[in-house]
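A short write-up of the structure that comes next.
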2 protein chains.
Amino acid sequence: MITGDSGFLKEKLKECGYKFTGQRSAILEALIQCTGQHVSTEELFNMVKVKHPEIGLATVYRTMILLDKLGLVHKLDFDDGFSRYELVKPNEDHRHHHLICSSCGSVSEVEEDLLDSLEEQILKKNGFLVKDHRVQFYGLCRNCRG
Amino acid sequence: MITGDSGFLKEKLKECGYKFTGQRSAILEALIQCTGQHVSTEELFNMVKVKHPEIGLATVYRTMILLDKLGLVHKLDFDDGFSRYELVKPNEDHRHHHLICSSCGSVSEVEEDLLDSLEEQILKKNGFLVKDHRVQFYGLCRNCRG
DNA sequence: ATCCGTGCAAAGTATTTGCAACCTA
DNA sequence: TAGGTTGCAAATACTTTGCACGGAT
(Lines give C-alpha, C1' and ligand atoms only; values in the text may rest on other atoms or scores of the structure.)
Protein backbone atom coordinates (compact mmCIF):
# COMPACT_ATOMS: atom_id res chain seq x y z
CA MET A 1 0.00 0.00 0.00
CA ILE A 2 1.42 3.29 -1.13
CA THR A 3 0.25 6.15 1.06
CA GLY A 4 0.30 9.79 0.15
CA ASP A 5 3.39 10.24 2.22
CA SER A 6 5.14 7.38 0.50
CA GLY A 7 4.32 9.18 -2.74
CA PHE A 8 6.09 12.23 -1.41
CA LEU A 9 9.08 10.14 -0.44
CA LYS A 10 9.14 8.49 -3.86
CA GLU A 11 9.25 11.85 -5.60
CA LYS A 12 11.91 13.23 -3.32
CA LEU A 13 14.08 10.17 -3.81
CA LYS A 14 13.74 10.19 -7.59
CA GLU A 15 14.44 13.90 -7.68
CA CYS A 16 17.75 13.28 -5.93
CA GLY A 17 18.69 10.16 -7.87
CA TYR A 18 17.83 7.53 -5.26
CA LYS A 19 15.59 4.51 -5.53
CA PHE A 20 12.27 4.02 -3.84
CA THR A 21 12.40 0.75 -1.88
CA GLY A 22 10.07 -1.12 0.42
CA GLN A 23 12.46 -0.63 3.30
CA ARG A 24 12.64 3.12 2.88
CA SER A 25 8.89 3.32 2.63
CA ALA A 26 8.43 1.20 5.74
CA ILE A 27 10.86 3.32 7.73
CA LEU A 28 9.02 6.49 6.73
CA GLU A 29 5.71 4.92 7.81
CA ALA A 30 7.22 4.10 11.19
CA LEU A 31 8.43 7.68 11.49
CA ILE A 32 4.96 8.96 10.71
CA GLN A 33 3.57 6.71 13.43
CA CYS A 34 5.92 8.39 15.92
CA THR A 35 5.08 11.94 14.99
CA GLY A 36 5.76 14.19 17.96
CA GLN A 37 8.26 11.75 19.41
CA HIS A 38 12.02 11.55 19.11
CA VAL A 39 12.88 8.01 18.11
CA SER A 40 16.26 6.36 18.14
CA THR A 41 17.47 4.28 15.23
CA GLU A 42 17.07 1.07 17.19
CA GLU A 43 13.52 1.96 18.19
CA LEU A 44 12.67 2.53 14.54
CA PHE A 45 14.33 -0.73 13.64
CA ASN A 46 12.17 -2.61 16.14
CA MET A 47 9.00 -0.94 14.88
CA VAL A 48 9.74 -1.76 11.27
CA LYS A 49 10.70 -5.34 12.10
CA VAL A 50 7.12 -6.13 13.14
CA LYS A 51 5.87 -5.96 9.57
CA HIS A 52 9.22 -6.50 7.85
CA PRO A 53 11.16 -9.04 9.92
CA GLU A 54 13.86 -9.32 7.30
CA ILE A 55 15.05 -5.70 7.55
CA GLY A 56 18.59 -5.12 8.78
CA LEU A 57 19.67 -2.59 11.38
CA ALA A 58 22.29 -1.23 9.02
CA THR A 59 19.58 -0.36 6.53
CA VAL A 60 17.82 1.75 9.12
CA TYR A 61 21.06 3.53 9.96
CA ARG A 62 21.74 4.16 6.28
CA THR A 63 18.21 5.31 5.64
CA MET A 64 18.22 7.80 8.49
CA ILE A 65 21.44 9.31 7.20
CA LEU A 66 19.79 9.60 3.79
CA LEU A 67 16.53 11.09 5.08
CA ASP A 68 18.55 13.62 7.05
CA LYS A 69 20.51 14.54 3.94
CA LEU A 70 17.27 14.93 2.00
CA GLY A 71 15.93 17.23 4.71
CA LEU A 72 13.00 14.95 5.58
CA VAL A 73 14.09 14.42 9.18
CA HIS A 74 16.08 16.30 11.77
CA LYS A 75 18.74 14.52 13.74
CA LEU A 76 18.52 15.28 17.43
CA ASP A 77 20.94 14.82 20.28
CA PHE A 78 19.73 14.63 23.83
CA ASP A 79 23.04 13.28 25.08
CA ASP A 80 21.58 9.91 26.00
CA GLY A 81 23.91 7.93 23.78
CA PHE A 82 21.69 7.53 20.73
CA SER A 83 21.00 9.52 17.62
CA ARG A 84 17.35 10.44 17.62
CA TYR A 85 15.21 11.71 14.78
CA GLU A 86 11.97 13.54 14.13
CA LEU A 87 10.07 14.14 10.93
CA VAL A 88 10.35 17.63 9.53
CA LYS A 89 6.88 19.14 9.46
CA PRO A 90 5.52 20.27 6.07
CA ASN A 91 5.64 24.04 6.53
CA GLU A 92 8.43 24.21 9.03
CA ASP A 93 10.76 27.02 8.04
CA HIS A 94 13.09 26.60 11.00
CA ARG A 95 13.88 24.04 13.63
CA HIS A 96 11.59 24.24 16.61
CA HIS A 97 12.98 24.30 20.11
CA HIS A 98 12.96 21.46 22.61
CA LEU A 99 12.05 21.64 26.28
CA ILE A 100 13.84 18.92 28.22
CA CYS A 101 12.66 18.28 31.76
CA SER A 102 15.59 17.64 34.08
CA SER A 103 13.32 15.80 36.47
CA CYS A 104 11.23 13.38 34.40
CA GLY A 105 13.19 13.47 31.16
CA SER A 106 10.20 14.35 29.00
CA VAL A 107 10.85 16.31 25.83
CA SER A 108 8.29 18.71 24.40
CA GLU A 109 8.37 21.32 21.68
CA VAL A 110 8.08 25.08 21.29
CA GLU A 111 6.70 26.36 18.04
CA GLU A 112 7.58 29.99 18.60
CA ASP A 113 10.90 31.01 17.18
CA LEU A 114 11.59 34.47 18.63
CA LEU A 115 15.24 34.39 17.70
CA ASP A 116 15.01 36.92 14.87
CA SER A 117 16.29 39.87 16.84
CA LEU A 118 19.09 37.78 18.32
CA GLU A 119 20.09 36.47 14.90
CA GLU A 120 20.03 40.01 13.54
CA GLN A 121 22.29 41.15 16.33
CA ILE A 122 24.65 38.25 15.66
CA LEU A 123 24.91 39.36 12.04
CA LYS A 124 25.74 42.92 13.09
CA LYS A 125 28.12 42.22 15.93
CA ASN A 126 29.75 38.98 14.81
CA GLY A 127 29.34 39.20 11.05
CA PHE A 128 27.87 35.70 11.20
CA LEU A 129 24.89 34.95 8.94
CA VAL A 130 22.58 32.53 10.74
CA LYS A 131 20.80 29.99 8.56
CA ASP A 132 19.64 27.49 11.15
CA HIS A 133 19.71 26.91 14.86
CA ARG A 134 19.46 24.22 17.48
CA VAL A 135 17.94 25.25 20.77
CA GLN A 136 17.34 23.14 23.83
CA PHE A 137 15.92 24.44 27.10
CA TYR A 138 16.54 22.52 30.29
CA GLY A 139 14.35 22.96 33.34
CA LEU A 140 11.16 21.71 34.96
CA CYS A 141 8.00 20.82 33.08
CA ARG A 142 4.54 21.72 34.34
CA ASN A 143 4.04 18.37 36.07
CA CYS A 144 7.40 18.34 37.79
CA ARG A 145 7.07 21.91 39.07
CA GLY A 146 4.20 20.62 41.22
CA MET B 1 53.83 24.56 40.71
CA ILE B 2 50.42 25.31 42.11
CA THR B 3 48.73 28.12 40.21
CA GLY B 4 45.86 30.20 41.49
CA ASP B 5 43.55 28.15 39.37
CA SER B 6 44.81 24.91 40.80
CA GLY B 7 44.06 26.38 44.18
CA PHE B 8 40.51 26.94 43.11
CA LEU B 9 40.30 23.36 41.86
CA LYS B 10 41.74 22.04 45.11
CA GLU B 11 39.11 23.85 47.14
CA LYS B 12 36.28 22.76 44.94
CA LEU B 13 37.41 19.14 45.08
CA LYS B 14 37.80 19.13 48.85
CA GLU B 15 34.45 20.82 49.25
CA CYS B 16 32.84 17.96 47.34
CA GLY B 17 34.83 15.19 48.98
CA TYR B 18 37.29 14.47 46.17
CA LYS B 19 41.05 14.38 46.21
CA PHE B 20 43.37 16.86 44.60
CA THR B 21 45.79 14.95 42.38
CA GLY B 22 48.56 15.84 39.96
CA GLN B 23 46.54 14.44 37.08
CA ARG B 24 43.49 16.55 37.82
CA SER B 25 45.64 19.61 38.20
CA ALA B 26 47.44 18.93 34.93
CA ILE B 27 44.17 18.43 33.06
CA LEU B 28 42.85 21.73 34.38
CA GLU B 29 46.04 23.47 33.28
CA ALA B 30 45.59 22.05 29.80
CA LEU B 31 41.99 23.27 29.77
CA ILE B 32 43.14 26.75 30.77
CA GLN B 33 45.64 26.68 27.91
CA CYS B 34 42.77 26.04 25.49
CA THR B 35 40.51 28.77 26.76
CA GLY B 36 38.18 29.80 23.97
CA GLN B 37 38.52 26.44 22.25
CA HIS B 38 36.40 23.35 22.44
CA VAL B 39 38.72 20.43 23.09
CA SER B 40 37.97 16.75 22.81
CA THR B 41 39.04 14.32 25.50
CA GLU B 42 41.71 12.85 23.27
CA GLU B 43 43.12 16.28 22.46
CA LEU B 44 43.38 17.04 26.16
CA PHE B 45 45.00 13.67 26.72
CA ASN B 46 47.65 14.44 24.13
CA MET B 47 48.33 17.87 25.62
CA VAL B 48 48.71 16.51 29.12
CA LYS B 49 50.92 13.66 27.95
CA VAL B 50 53.67 16.08 26.95
CA LYS B 51 54.47 16.92 30.56
CA HIS B 52 52.96 13.80 32.12
CA PRO B 53 53.69 10.89 29.79
CA GLU B 54 52.39 8.37 32.29
CA ILE B 55 48.81 9.63 32.30
CA GLY B 56 46.12 7.28 31.05
CA LEU B 57 43.34 8.17 28.64
CA ALA B 58 40.78 6.72 31.04
CA THR B 59 41.87 9.20 33.68
CA VAL B 60 41.13 12.07 31.36
CA TYR B 61 37.71 10.65 30.56
CA ARG B 62 36.98 10.19 34.26
CA THR B 63 38.25 13.65 35.12
CA MET B 64 36.11 15.34 32.48
CA ILE B 65 33.02 13.62 33.83
CA LEU B 66 33.98 14.84 37.28
CA LEU B 67 34.69 18.42 36.22
CA ASP B 68 31.36 18.51 34.42
CA LYS B 69 29.59 17.26 37.54
CA LEU B 70 31.37 19.93 39.60
CA GLY B 71 30.23 22.57 37.14
CA LEU B 72 33.76 23.61 36.16
CA VAL B 73 33.35 22.69 32.49
CA HIS B 74 30.52 22.44 30.01
CA LYS B 75 30.21 19.39 27.82
CA LEU B 76 29.58 20.32 24.22
CA ASP B 77 28.34 18.33 21.27
CA PHE B 78 29.09 19.47 17.75
CA ASP B 79 28.05 16.11 16.27
CA ASP B 80 31.58 15.29 15.13
CA GLY B 81 31.84 12.08 17.10
CA PHE B 82 33.65 13.37 20.17
CA SER B 83 32.63 14.85 23.45
CA ARG B 84 34.11 18.33 23.65
CA TYR B 85 34.56 20.58 26.65
CA GLU B 86 35.10 24.20 27.55
CA LEU B 87 35.92 25.83 30.85
CA VAL B 88 33.06 27.62 32.53
CA LYS B 89 33.99 31.26 32.85
CA PRO B 90 34.09 32.79 36.35
CA ASN B 91 31.01 35.01 36.21
CA GLU B 92 29.04 33.08 33.64
CA ASP B 93 25.44 32.86 34.82
CA HIS B 94 24.23 31.02 31.73
CA ARG B 95 25.67 29.01 28.86
CA HIS B 96 26.78 31.18 26.00
CA HIS B 97 25.74 30.41 22.45
CA HIS B 98 27.89 28.89 19.74
CA LEU B 99 28.20 30.00 16.13
CA ILE B 100 29.15 27.09 13.91
CA CYS B 101 30.24 27.90 10.37
CA SER B 102 28.86 25.39 7.89
CA SER B 103 31.62 26.25 5.46
CA CYS B 104 34.89 26.24 7.41
CA GLY B 105 33.72 24.50 10.58
CA SER B 106 34.95 27.21 12.91
CA VAL B 107 33.12 27.65 16.19
CA SER B 108 32.88 31.01 17.91
CA GLU B 109 30.87 32.35 20.81
CA VAL B 110 28.12 34.85 21.52
CA GLU B 111 28.08 36.45 24.92
CA GLU B 112 24.65 38.01 24.63
CA ASP B 113 21.87 35.91 25.98
CA LEU B 114 18.69 37.62 24.78
CA LEU B 115 16.53 34.63 25.57
CA ASP B 116 14.79 36.14 28.60
CA SER B 117 11.60 37.11 26.82
CA LEU B 118 11.45 33.74 25.08
CA GLU B 119 12.00 31.89 28.34
CA GLU B 120 9.32 33.98 29.98
CA GLN B 121 6.91 33.13 27.22
CA ILE B 122 7.75 29.43 27.55
CA LEU B 123 6.86 29.64 31.23
CA LYS B 124 3.52 31.26 30.45
CA LYS B 125 2.49 29.16 27.46
CA ASN B 126 4.07 25.81 28.27
CA GLY B 127 4.31 25.96 32.02
CA PHE B 128 7.97 25.00 31.66
CA LEU B 129 10.48 26.69 33.95
CA VAL B 130 13.73 27.18 32.05
CA LYS B 131 16.90 26.84 34.10
CA ASP B 132 19.48 26.42 31.38
CA HIS B 133 19.76 26.32 27.63
CA ARG B 134 21.93 25.06 24.83
CA VAL B 135 21.93 27.15 21.69
CA GLN B 136 23.84 26.56 18.48
CA PHE B 137 23.57 28.73 15.41
CA TYR B 138 24.57 27.35 12.04
CA GLY B 139 25.47 29.58 9.14
CA LEU B 140 28.34 31.44 7.53
CA CYS B 141 31.06 33.22 9.44
CA ARG B 142 32.45 36.57 8.41
CA ASN B 143 35.32 35.07 6.42
CA CYS B 144 33.21 32.56 4.57
CA ARG B 145 30.57 35.12 3.61
CA GLY B 146 33.31 36.74 1.54
C1' DA C 1 46.31 3.53 57.60
C1' DT C 2 42.47 4.24 54.77
C1' DC C 3 40.42 4.36 50.67
C1' DC C 4 40.02 7.21 46.66
C1' DG C 5 42.37 7.70 42.20
C1' DT C 6 45.19 5.85 38.47
C1' DG C 7 47.04 3.04 34.51
C1' DC C 8 46.36 -0.66 31.77
C1' DA C 9 43.80 -3.68 29.22
C1' DA C 10 39.55 -5.57 28.27
C1' DA C 11 34.78 -4.86 27.63
C1' DG C 12 30.88 -2.20 26.03
C1' DT C 13 27.98 0.12 22.80
C1' DA C 14 26.46 2.88 18.98
C1' DT C 15 27.51 3.21 14.33
C1' DT C 16 29.84 2.20 9.89
C1' DT C 17 31.60 -0.66 6.24
C1' DG C 18 32.77 -4.68 2.96
C1' DC C 19 30.63 -7.73 0.02
C1' DA C 20 27.68 -10.87 -2.45
C1' DA C 21 22.92 -11.25 -3.54
C1' DC C 22 18.86 -8.65 -4.74
C1' DC C 23 15.75 -5.52 -6.72
C1' DT C 24 14.40 -0.97 -8.73
C1' DA C 25 14.31 1.78 -12.75
C1' DT D 1 20.53 -5.11 -17.83
C1' DA D 2 23.00 -1.88 -14.82
C1' DG D 3 23.84 -0.03 -10.75
C1' DG D 4 21.95 1.41 -6.50
C1' DT D 5 20.28 -1.09 -2.13
C1' DT D 6 20.11 -4.57 1.32
C1' DG D 7 21.32 -8.07 5.03
C1' DC D 8 24.77 -10.03 7.42
C1' DA D 9 28.79 -9.96 9.90
C1' DA D 10 32.95 -7.94 10.82
C1' DA D 11 35.18 -3.82 11.77
C1' DT D 12 35.36 0.94 13.87
C1' DA D 13 35.65 4.30 17.24
C1' DC D 14 34.55 6.52 21.32
C1' DT D 15 33.83 5.63 26.03
C1' DT D 16 33.40 2.87 30.26
C1' DT D 17 34.81 -0.56 33.55
C1' DG D 18 37.50 -4.17 36.42
C1' DC D 19 41.34 -4.67 39.01
C1' DA D 20 45.63 -4.30 41.42
C1' DC D 21 48.80 -0.76 42.60
C1' DG D 22 49.90 3.90 44.10
C1' DG D 23 49.19 8.22 46.35
C1' DA D 24 46.45 11.92 48.94
C1' DT D 25 44.51 12.96 53.37
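Just so it is clear: chains get the letters A, B, ... in the order the sequence lines come, proteins before strands, and each one is counted from 1.
- Within the 4.5 Å cutoff, side-chain heavy atoms of B:F45 are placed close to those of B:I55.
- Taking atom CG of residue A:L67 and atom P of nucleotide D:dT5, one finds them 12 Å apart after rounding to whole Å.
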After noting the C-alpha distance and the side-chain angles of B:H97 and B:H133, does the key distance pass the side-chain contact (heavy atoms from CB on, under 4.5 Å) rule?
-> CA-CA 9 Å; B:H97 312 152; B:H133 52 239; 3.8 Å; yes

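- Taken residue by residue, residues 38-62 of chain B places heavy atoms nearer than 4.0 Å to DNA chain D at B:A58, B:Y61, B:R62.
- The distance from atom CZ of A:R24 to atom P of D:dT6 is 4 Å, rounded to the nearest whole Å.
- Taking the side chain as every heavy atom from C-beta outward, B:V73 and B:R84 never approach each other to under 4.5 Å.
- Within the structure, a side-chain polar atom (N or O) of B:T21 is placed less than 4.0 Å from OP1 or OP2 of C:dT6.
- Ionic pairing of B:K89 and B:E109 is present here: one or more N-O contacts between side-chain nitrogen and carboxylate oxygen are shorter than 4.0 angstrom.
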Could you give me the CA-CA distance, side-chain angles and deciding distance for B:H38 and B:E43, then say whether side-chain hydrogen bond (donor to acceptor under 3.5 Å, both in side chains) is met?
-> CA-CA 10 Å; B:H38 314 94; B:E43 284 166 354; over 6 Å; no

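- When rounded to the nearest whole Å, the span between CG of A:L13 and C1' of D:dG3 equals 16 Å.
- Separating the CZ atom of A:F20 from the P atom of D:dG3 is a distance of 23 Å, rounded to the nearest angstrom.
- One finds a side-chain N or O of B:S83 lying less than 4.0 angstrom from the OP1 or OP2 phosphate oxygen of D:dT15.
- The side chain of A:I65 lies closest to C:dT16 when the candidates are C:dC4, C:dT16, C:dT6.
- D:dT15 atom P lies 11 Å from atom CG of A:D79, rounded to whole Å.
- Looking only at side-chain heavy atoms (C-beta outward), A:R134 and B:R134 stay at 4.5 Å or farther from each other.
- For B:Q23 and C:dG7, the shortest distance from a side-chain N or O to OP1 or OP2 is below 4.0 Å.
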